Amino acid sequence: MKKKRALSFLLLLTFTFTLLYNLPSVHAVSDTDSKTELKAAVTTPMAMENYQNIENSLLSAAQYNDITSPNAAASTRFQSRLKNVMHLRKDAKKTYKHEKKFLTRNDKLIFKSYTKSLRSYLYALHDYAVIYQENTPVINDANTSSDTKNDAQDELNQAKSTFDSAKTTWSNSYNAIVNQ
């Protein structure tokens with residue numbers, strides 16, 4: 001009797017595993033659904049215009065001169081906007097981790113590349129804003145030596161170049177996904 005139950009149990013187990021392995025994956029995603037999800041994952045957090053508004057707002061806040069006219073409110077506004085940019089950068093990583101399960105393998109790669117370019121853009125924006133805020137008052141100060149001004153201007157130009165490159169890469173990636 002025990003042998004019959006054991007045999008029945010083994011047959012049931014074998015049958016169950018056979019069914020499970022032959023069924024389509026529960027996590028299989030159609031190409032159409034994946035493309036729709038990819039577009040939503042890119043545009044839902046924020047449209048490109050919103051990123052542009054954040055960029056403009058941060059760079060506007062960076063224009064205060066903390067050397068000749070320190071202003072606590074302006075400093076707080078700038079620091080708050082810097083933190084917001086870094087928060088967006090962190091959120092992009094979380095969004096990728098959440099959304100990747102809804103994408104095909106190819107779309108995961110595209111979204112991973114997009115997320116990397118978005119994070120690079122936000123990081124470059126953060127760095128450029130900090131360097132802009134620190135160096136512009138030095139560059140504009142009549143008492144600053146020409147060597148110091150040149151060094152500050154070179155650093156600012158390099159940060160601007162890195163920022164422009166990262167922004168272009170992200171923008172191209174964004175547009176490629178949204179317009180496919």
Side-chain angles (χ1 to χ4, degrees), residues 37-100 103 106-180:
E37 187 65 32
L38 178 61
K39 285 181 184 182
V42 167
T43 59
T44 299
M46 277 198 288
M48 186 178 278
E49 296 79 24
N50 294 39
Y51 286 106
Q52 186 62 51
N53 290 340
I54 288 169
E55 176 186 319
N56 293 344
S57 177
L58 176 60
L59 294 176
S60 175
Q63 294 179 4
Y64 80 97
N65 185 333
D66 62 348
I67 294 175
T68 59
S69 55
N71 182 330
S75 176
T76 301
R77 184 177 330 115
F78 178 63
Q79 293 302 322
S80 174
R81 290 179 183 168
L82 280 175
K83 287 178 185 173
N84 288 342
V85 167
M86 294 315 284
H87 183 71
L88 289 172
R89 187 173 181 271
K90 188 185 286 187
D91 283 350
K93 190 173 190 175
K94 288 179 186 176
T95 300
Y96 170 74
K97 287 180 179 181
H98 174 72
E99 294 293 335
K100 70 181 183 178
L103 304 172
N106 187 47
D107 287 342
K108 280 181 198 173
L109 294 173
I110 292 169
F111 192 48
K112 185 175 186 175
S113 176
Y114 167 79
T115 301
K116 183 178 178 182
S117 70
L118 173 60
R119 288 172 49 84
S120 294
Y121 158 64
L122 293 171
Y123 190 74
L125 172 59
H126 176 278
D127 284 357
Y128 173 56
V130 168
I131 292 169
Y132 180 89
Q133 194 285 317
E134 291 173 351
N135 291 13
T136 300
V138 172
I139 293 167
N140 293 333
D141 188 349
N143 297 326
T144 304
S145 71
S146 63
D147 286 344
T148 303
K149 282 184 181 185
N150 289 339
D151 289 345
Q153 187 65 55
D154 288 346
E155 183 182 29
L156 183 59
N157 291 344
Q158 179 60 43
K160 174 76 167 126
S161 176
T162 300
F163 165 70
D164 287 341
S165 176
K167 182 177 179 179
T168 299
T169 301
W170 164 73
S171 179
N172 290 342
S173 181
Y174 183 97
N175 287 327
I177 292 168
V178 171
N179 296 326
Q180 60 177 314

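Positions are given from 1, in the same order as the sequence printed here. Keep in mind it's a predicted model, so treat the numbers as computed, not measured.
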Measuring from atom [atom1] of [X] to atom [atom2] of [Y], what distance do you get when rounded to the nearest 0.5 angstrom?
X: Lys160; Y: Lys167; atom1: NZ; atom2: NZ; result: 7.5 Å
X: Thr148; Y: Gln153; atom1: OG1; atom2: CD; result: 13.0 Å
X: Leu103; Y: Leu38; atom1: CG; atom2: CG; result: 6.0 Å
X: His126; Y: Lys83; atom1: NE2; atom2: NZ; result: 10.0 Å
X: Ser120; Y: Phe163; atom1: OG; atom2: CZ; result: 12.5 Å
X: Leu156; Y: Ser161; atom1: CG; atom2: OG; result: 11.0 Å

Inset, instruction - Among residues two or more places apart or on two chains, list those pairs meeting salt bridge (Lys or Arg N to Asp or Glu O under 4.0 Å) that have a residue in residues 120-143. - result: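 Non-adjacent pairs meeting salt bridge (Lys or Arg N to Asp or Glu O under 4.0 Å): zero.
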Closest approach of [X] to [Y] (non-hydrogen atoms, all atoms of both residues):
X: Arg89; Y: Arg119; value: O-NH1, 2.8 Å
X: Ala61; Y: Arg77; value: CB-CG, 4.3 Å
X: Thr95; Y: Ala41; value: CG2-O, 4.3 Å
X: Ala166; Y: Ala124; value: CB-CB, 3.9 Å
X: Tyr132; Y: Leu59; value: CE2-O, 4.4 Å
X: Ile131; Y: Ala159; value: CD1-CB, 3.7 Å

Under 3.5 Å, is there a donor-acceptor pair between the side chain of [X] and the main chain of [Y]?
X: Thr76; Y: Ala72; result: yes
X: Ser117; Y: Tyr114; result: yes
X: Asn135; Y: Ala152; result: yes
X: Lys39; Y: Gln180; result: yes
X: Ser113; Y: Leu109; result: no
X: Thr169; Y: Ser165; result: yes
X: Thr144; Y: Val138; result: yes
X: Tyr174; Y: Met48; result: yes

Do [X] and [Y] have side chains that approach each other closer than 4.5 Å (heavy atoms only, starting at C-beta)?
X: Glu37; Y: Asp107; value: no
X: Ile54; Y: Asn84; value: no
X: Met46; Y: Gln52; value: no

Legend entry - Parallel, tilted or perpendicular, as decided by the 30° and 60° cut-offs, for the rings of Trp170 and Tyr121: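 Parallel.
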Inset, instruction - Apply side-chain contact (heavy atoms from CB on, under 4.5 Å) to Tyr51 and Leu118, showing your working. - result: CA-CA 10 Å; Tyr51 286 106; Leu118 173 60; 3.6 Å; yes
Legend entry - Asn53 and Glu49: CA distance, side-chain angles, deciding distance, side chain to side chain donor-acceptor pair (under 3.5 Å) verdict: CA-CA 6 Å; Asn53 290 340; Glu49 296 79 24; over 6 Å; no
Inset, instruction - Test side chain to side chain donor-acceptor pair (under 3.5 Å) on Asp154 and Gln158 and set out the steps. - result: CA-CA 6 Å; Asp154 288 346; Gln158 179 60 43; over 6 Å; no
Inset, instruction - Mark yes when over 12 heavy atoms from residues, nucleotides or ligands other than Lys116 sit less than 6.0 Å from its NZ; otherwise mark no. - result: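 Open.
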Legend entry - Neighbour count above 12 (heavy atom, 6.0 Å) for Tyr64 OH: yes
Inset, instruction - Please lay out, stage by stage, how Leu82 and Met86 fare under the test side-chain contact (heavy atoms from CB on, under 4.5 Å). - result: CA-CA 6 Å; Leu82 280 175; Met86 294 315 284; 5.8 Å; no
